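All remarks here apply to the structure that follows.
None of these values were measured; they are calculated from a predicted model. Position 1 is the first residue of the sequence; numbering continues from there. Both backbone and side-chain heavy atoms feed into the values below; hydrogens, waters and symmetry mates do not.
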Amino acid sequence: TPKLKKRLIASVGFLTVLMYISMGHMMWGWPLPNFLKDNHVAMGLIQLLLTGIIMVINQKFFISGFKGLIHRAPNMDTLVALGSGASFLYSTYALFAMTDAQMRGDMAAVMGYMHEFYFESAAMILTLITVGKMLEARSKGRTTDALKSLMNLAPKTAVLVRDGQEVTVPVSEVRRGDVFVVRPGENIPVDGIVLEGASAVNESALTGESMPVEKTAGSKAVSATVLTSGYLEMTADRVGADTTLSQIIRLMEQAASTKAPISRLADKISAVFVPAVISIAVAAALLWATVGGMGVRFCLSIGIAVLVISCPCALGLATPVAITVATGKAAEK
């Protein structure tokens, strides 16, 4: 999460400057620095530089995306990498073409190429996806914190009765059938059955029920619950990994580390969705070239638009974030 946070802060910082230079003066009339006024080449170069920096900051998307493409297993990062990469390359081509037009004095062409810069689109995609990754990482962190809190509930020692004497031992040494005692304010070390005594036990840590539960001879009590009054002598029933608390922790770990069925379904859809989008982008460009009779520039912009618009935020971000947040909330409860 700290690394993602640094990436996000840096990306947002450079993106803010990029959006100000590329869109601010056109959409909101914000003033530009004097050296950029009517200096279209300088504006293009600055946009190229800022976008390049954001791409380097978020290079993991390109590494993961193109690895998936090479191994014929395209993933969500593949679409992100293709969409932003294509926007960047086309904008770079437009910048060089604009520079050539300015040198020839063709100002109409210069203004035309100026409107074909998509640097901010490439940078915006990467920054927004990083926001989603950050949210997902924070949710995972909350799940880990909840697990740690549960683990901290587990008592470290138990007071066993051996040969009529009370002996304090680590919980790991307690065996099924051992007799142990619990006094007010102490946690029950393992799951057990009450032999003697009567007490009110606070089970809210595991059940959420704030009212203490009365325990008498023959009652079952679980580990990590707290005696609020009385005295209990118990026999160990479930110890180690078999205790209720240990099983809850194990289930939470499994939930946090394995994919939910709906997440696997999203992966299956992605395996078809990504190649389909790439195919549609190529087909759209070719159709405009052959049937529509349009030029290379226009056809390229159509293909890039399909890639950028199809960047699957619902599958790539919303699904994993929703699942992770749900797991974290369940863990807290």
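- With sequence neighbours left out, the side-chain contact (heavy atoms from CB on, under 4.5 Å) criterion links Val41 to Asn39, Leu45, Met98, Thr99, Gln102.
- A donor and an acceptor atom, one from each side chain of Asn58 and Thr130, are located under 3.5 Å apart.
- Residue pairs meeting the salt bridge (charged side-chain N to carboxylate O under 4.0 Å, His left out) criterion with at least one member in residues 160-173, sequence neighbours excluded: Glu166-Arg183.
- Atom CZ of Arg250 and atom CD of Gln247 lie 5.5 Å apart (nearest 0.5 Å).
- Sorted by first and then second residue, the salt bridge (charged side-chain N to carboxylate O under 4.0 Å, His left out) pairs involving residues 224-233 (not counting sequence neighbours) form an empty list.
- Chaining together hydrophobic side chains whose heavy atoms lie under 4.5 Å apart leaves Ile9 on its own.
- Between the side chain of Asp77 and the backbone N or O of Ser64 there is no donor-acceptor pair closer than 3.5 Å.
- Grouping the Ile, Leu, Val, Met, Phe, Trp and Tyr side chains by contacts below 4.5 angstrom, directly or via other members, places Met294 apart from Tyr93.
- Under the 4.5 angstrom side-chain criterion for Ile, Leu, Val, Met, Phe, Trp and Tyr, the cluster partners of Val194 are Leu160, Val167, Val169, Val171, Val174, Phe180, Val182, Ile188, Val190, Val201, Leu227, Leu232, Met234, Val239.
- In this structure, Arg7 satisfies the cation-pi test against Phe61, with its NZ or CZ atom closer than 6.0 Å to the six-membered ring centre and inside 45 degrees of the ring normal.
- When all heavy atoms are compared, the tightest approach of Ser87 to Ser91 is O-OG, 2.7 Å.
- Under the 4.5 Å side-chain heavy-atom criterion for Ile, Leu, Val, Met, Phe, Trp and Tyr, Ile54 and Tyr20 are members of the same hydrophobic cluster.
- Side-chain N or O atoms of Lys156 include one that pairs as donor or acceptor with a backbone N or O of Ala154 at under 3.5 Å.
- In this structure, Phe66 and Leu82 approach most closely via the heavy-atom pair CE2-CD2, 3.9 Å.
- Annotation for Val159: hydrophobic cluster partners, listed by chain and number, are Val161, Val179, Val181, Leu195, Tyr231 (ILVMFWY side-chain heavy atoms under 4.5 Å, direct or chained).
- The pair Arg176-Asp237 meets the salt-bridge criterion, since a charged nitrogen lies less than 4.0 angstrom from a carboxylate oxygen.
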> Hey, mind stepping through Phe14 and Thr127 against side-chain contact (heavy atoms from CB on, under 4.5 Å) and telling me if it holds?
Replying inline: CA-CA 10 Å; Phe14 287 111; Thr127 305; over 6 Å; no

Report, one line per pair, each donor and acceptor closer than 3.5 Å where one atom sits in a side chain of residues 207-214; sequence neighbours left out.
residue	atom	partner	partner atom	Å
Thr207	OG1	Glu203	O	2.9
Thr207	OG1	Glu209	N	3.2
Glu209	OE2	Met211	N	2.9

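- In the hydrophobic cluster analysis, where Ile, Leu, Val, Met, Phe, Trp and Tyr join through side-chain heavy atoms closer than 4.5 angstrom, Met124 is grouped together with Val17.
- Remark: the backbone N or O of Gly85 is not paired with any side-chain donor or acceptor of Tyr90 at under 3.5 angstrom.
- At distances below 3.5 Å, at least one donor-acceptor pair connects side-chain atoms of Ser246 with backbone N or O atoms of Gly240.
- Taking the side-chain contact (heavy atoms from CB on, under 4.5 Å) definition, one finds that Gln165 meets it with nothing, sequence neighbours left out.
- Transitive grouping of hydrophobic side chains (ILVMFWY, heavy atoms separated by less than 4.5 Å) keeps Ile46 and Met111 in distinct clusters.
- Counting heavy atoms of neighbouring residues, nucleotides and ligands inside a 6.0 Å radius, atom CZ of Phe96 does not exceed 12 of them.
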> For Asp191 and Thr244, what are the C-alpha separation, side-chain angles and deciding distance, and is it a side chain to side chain donor-acceptor pair (under 3.5 Å)?
Replying inline: CA-CA 7 Å; Asp191 293 9; Thr244 303; 2.7 Å; yes

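- Among all heavy-atom pairs drawn from Ile21 and Leu50, the shortest one is CD1-CD1, 4.3 Å.
- Closest non-hydrogen pair, Val308 versus Ile125, comes out as CG1-CD1, 3.5 Å.
- Here the side chain of Asp242 pairs no donor or acceptor atom with the backbone of Arg238 at under 3.5 angstrom.
- When the side chains of ILVMFWY residues are joined at heavy-atom separations under 4.5 Å, either directly or via intervening members, Met23 and Leu95 end up in a single hydrophobic cluster.
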Under 3.5 Å, sequence neighbours excluded: what are the donor-acceptor pairs made by side chains of residues 300-307?
residue	atom	partner	partner atom	Å
Ser301	OG	Phe298	O	2.6

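- Residue pairs meeting the salt bridge (charged side-chain N to carboxylate O under 4.0 Å, His left out) criterion with at least one member in residues 286-299, sequence neighbours excluded, are Glu116-Arg297.
- Residue Ser219 holds its OG atom at 10.0 Å from CD1 of Ile193, rounded to the nearest 0.5 Å.
- In the hydrophobic clustering, where aliphatic and aromatic side chains (Ile, Leu, Val, Met, Phe, Trp, Tyr) are joined below 4.5 Å either directly or transitively, Val272 stands alone.
- For Arg104, the side-chain contact (heavy atoms from CB on, under 4.5 Å) criterion is met by Asp100, Ala101, Asp106, not counting sequence neighbours.
- For the pair Ala123 and Leu15, the tightest heavy-atom approach, listed with the atom from each and the gap, is CB-CD1, 3.7 Å.
- Nearest heavy-atom pair across Ala122 and Phe88 is CB-N, 4.2 Å.
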